[in-house]
Amino acid sequence: MLIPFTQPMDLESTLESGQAFRWRRGQSDSPDHPWFWGVVFDNLVKIRRTEDGVEFFSAPDGEVRLSALLQDYLRLRDDLSSIYQSIDTDERVRAGIDDYTGMRILRQDPWECLISFMCSSASNIPRISKNVEDMGRNFGRPLSLEGQSRHTFPTARELAVAGEARLRELGLGFRAAYVEKVAEIAAEGRIDLFTLREASYDDALAELTALPGVGDKVANCVMLFSLDKLEAFPIDVWIKRALEEWYLSERPGGAKLVARELRPWAQQHFGPYAGYANQYLFHKRRLQGKGARA
DNA sequence: AGCCAGGCCCTCC
DNA sequence: GGAGGGCCTGGC
């Protein structure tokens, strides 16, 4: 099915910029319009950009049923031109926008997003992807589309039943205990992530960081990528480097802001779509590498 | 070999 | 309140 869409939409940077960990490139496809395979809300989806829009296939829900959800997931209703206008305050963001025009923040399943970013502590994207995929394969339910097989991301109950020991076997390391605890909390209904979409930024942050293994950085990722908090501003080592070198190194005395002051500064500086600015700066910085200062 | 990764938590001062 | 070390594991 084709979702007609002529506004900027770059699937490659959107799906491969470290927001989500389940997207894989299809093999032997036309290089101009590669298929991306992934799992979205209990559906196996393959998707690609075409001249006219976004084309996709899905199962077990058919394309007609999944179309609205996918538009939602891809945030096709975000008006990128006005967002760009809002965050384009300097040449650094401008360069990111020029390089990755059409990169969008995703609107993911909050549960999968939370557990995925809990797994990101002191890790890296290939390993996080492996952890998430392994959790699905071992504790989720099978999905198939056109002969390809993947698994749903496990529910809170499924992960709670799995337990720390089995999660450690999958290579989650010290994160396994946190995942088990949070899965138990969610399975018992002691936190409802979807209602946090309606909560204020501060309230959502407080609720999330009360969870074991969830600190300021992970909470901001979850809020940005799944809870509609586009002002969220995750500060990891890449963003910290980028801010310090690109924005703060020339401050009087070269005084560096401590981490606690960094986010308020960024949210003030970049405005209500600070999370979009974050994503463009992060993606550009990460692909440049830690040594690049230009 | 030893250090570091897209953090978090706990202990100390 | 904030600096510093420990934590699983894989990769260089």
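Residue Gly215(A) is in sugar-phosphate contact alone, with no base atom involved, counting any heavy-atom pair closer than 4.0 Å across all strands shown. Counting non-hydrogen atoms under 4.0 angstrom, Pro212(A) reaches the backbone sugars and phosphates but no base. Among the atoms of the strands shown, none is found under 4.0 Å from any heavy atom of Leu170(A).
The side chain of Ile125(A) approaches dG6(B) more closely than any other nucleotide in the set dC7(C), dG6(B), dT9(C). Listed candidates were dC7(C), dC8(B), dA5(B). Nearest to the side chain of Arg241(A) is dA5(B). Nearest to the side-chain atoms of Asn124(A) among the listed nucleotides dC7(C), dC8(B), dG6(B) stands dG6(B).
Atom pair Phe174(A):CZ and dC10(B):P shows a separation of 13 Å (rounding to whole Å applied). The interatomic distance linking Ile115(A) (CD1) with dC8(B) (P) rounds to 14 Å, in whole Å. One atom, OH of Tyr178(A), and another, P of dG7(B), lie 14 Å apart when rounded to the nearest Å. As a whole-Å value, the separation of Asn131(A) CG from dG11(C) P is 12 Å. Residue Glu180(A) contributes atom CD, which lies 14 Å from atom P of dC8(C) at whole-angstrom precision. The CG atom of Leu208(A) sits 12 Å away from the P atom of dC9(B) (whole-angstrom rounding). The interatomic distance linking Arg166(A) (CZ) with dC8(C) (P) rounds to 20 Å, in whole Å. Put simply, CG on Asp236(A) is 10 Å from C1' on dG7(B), counting in whole angstrom units.
Between Thr209(A) and Phe282(A), the residue whose closest nucleotide on DNA chain B is further toward the 5' end is Phe282(A).
Looking at Arg168(A), its side chain has no donor and acceptor atom pair within 3.5 Å of the base of dC8(C).
With a 4.5 Å cut-off on side-chain heavy atoms, Lys240(A) and Lys217(A) do not count as touching. Taking the side chain as every heavy atom from C-beta outward, Pro110(A) and Leu196(A) never approach each other to under 4.5 Å.
Summarising the local packing, CD of Glu188(A) is surrounded by more than 12 heavy atoms from other residues, nucleotides or ligands at distances under 6.0 Å.
Salt bridge status for Asp78(A) with Arg104(A): absent, with no side-chain N to carboxylate O gap under 4.0 Å. With respect to the salt-bridge test (charged N to carboxylate O, under 4.0 angstrom), the residues Glu164(A) and Lys181(A) do not qualify.
Comparing dC8(C) with dA1(B), their P atoms are spaced 23 Å from each other, to the whole Å. Remark: the separation of the P atoms in dG6(B) and dG2(C) is 26 Å, to the nearest Å.
Applying the Watson-Crick and G-U wobble criteria (two distances, each under 3.5 Å), dG2(C) pairs with dC12(B). In this entry dG6(B) has no Watson-Crick or G-U wobble partner, no candidate having both defining distances under 3.5 Å.
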